[in-house]
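The structure under discussion appears below in the form of structure tokens.
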Amino acid sequence: MADLKRTCYKSDKIKPVDVNQFINDADNYALGLPSLAEQKEAVKALGSKSIRKNATFSLTELSVNELALHADKLNMSKSALIRLLIQYLSSASEIEKRRLLNLLETS
């Protein structure tokens, strides 16, 4: 008998989901996009496979504030969020890319 103590495994720990996270995941599912959990796993996998290099970007104050807001909402770092968005853009279809560019031009 190795150990009689009850141990808590990772699969036993279920984190509560915020209502907004649930709705965002439902929206992502409806659009055929990966769930937030899948996105976080993709970021972890992406980060572990590559060597990271520092980069410098010039962003408006509004962009920096929005980035911080979204990173807090998703409970991830700003760098991880940027890597996720780059990965999403890389895997997006040409139609999705054009739609995103049109959204940027109109805002």
Indicate, with yes or no, if Phe57 and Val64 share a hydrophobic cluster defined by side-chain heavy-atom contacts under 4.5 Å among Ile, Leu, Val, Met, Phe, Trp and Tyr. yes
Quick one: list whatever passes side-chain contact (heavy atoms from CB on, under 4.5 Å) with Glu61, sequence neighbours left out. Asn65
What is the distance from atom CG of Leu85 to atom NE2 of His70, rounded to the nearest 0.5 Å? 9.0 Å
How long is the span from the CG atom in Leu89 to the CD1 atom in Ile86, to the nearest 0.5 Å? 8.5 Å
N/O donor-acceptor pair under 3.5 Å between Glu66 side chain and Ser63 backbone: no
What's the separation between atom CZ in Arg83 and atom OG in Ser77, rounded to the nearest 0.5 Å? 5.5 Å
Can you name the side-chain contact (heavy atoms from CB on, under 4.5 Å) partners of Ala71, sequence neighbours left out? Lys78, Leu81
If you round to the nearest 0.5 Å, how far is OG of Ser91 from NZ of Lys97? 8.0 Å
Value for CG (Leu103) from OG1 (Thr106), rounded to nearest 0.5 Å, stands at 5.5 Å
What is the distance from atom NZ of Lys73 to atom CG of Leu69, rounded to the nearest 0.5 Å? 6.0 Å
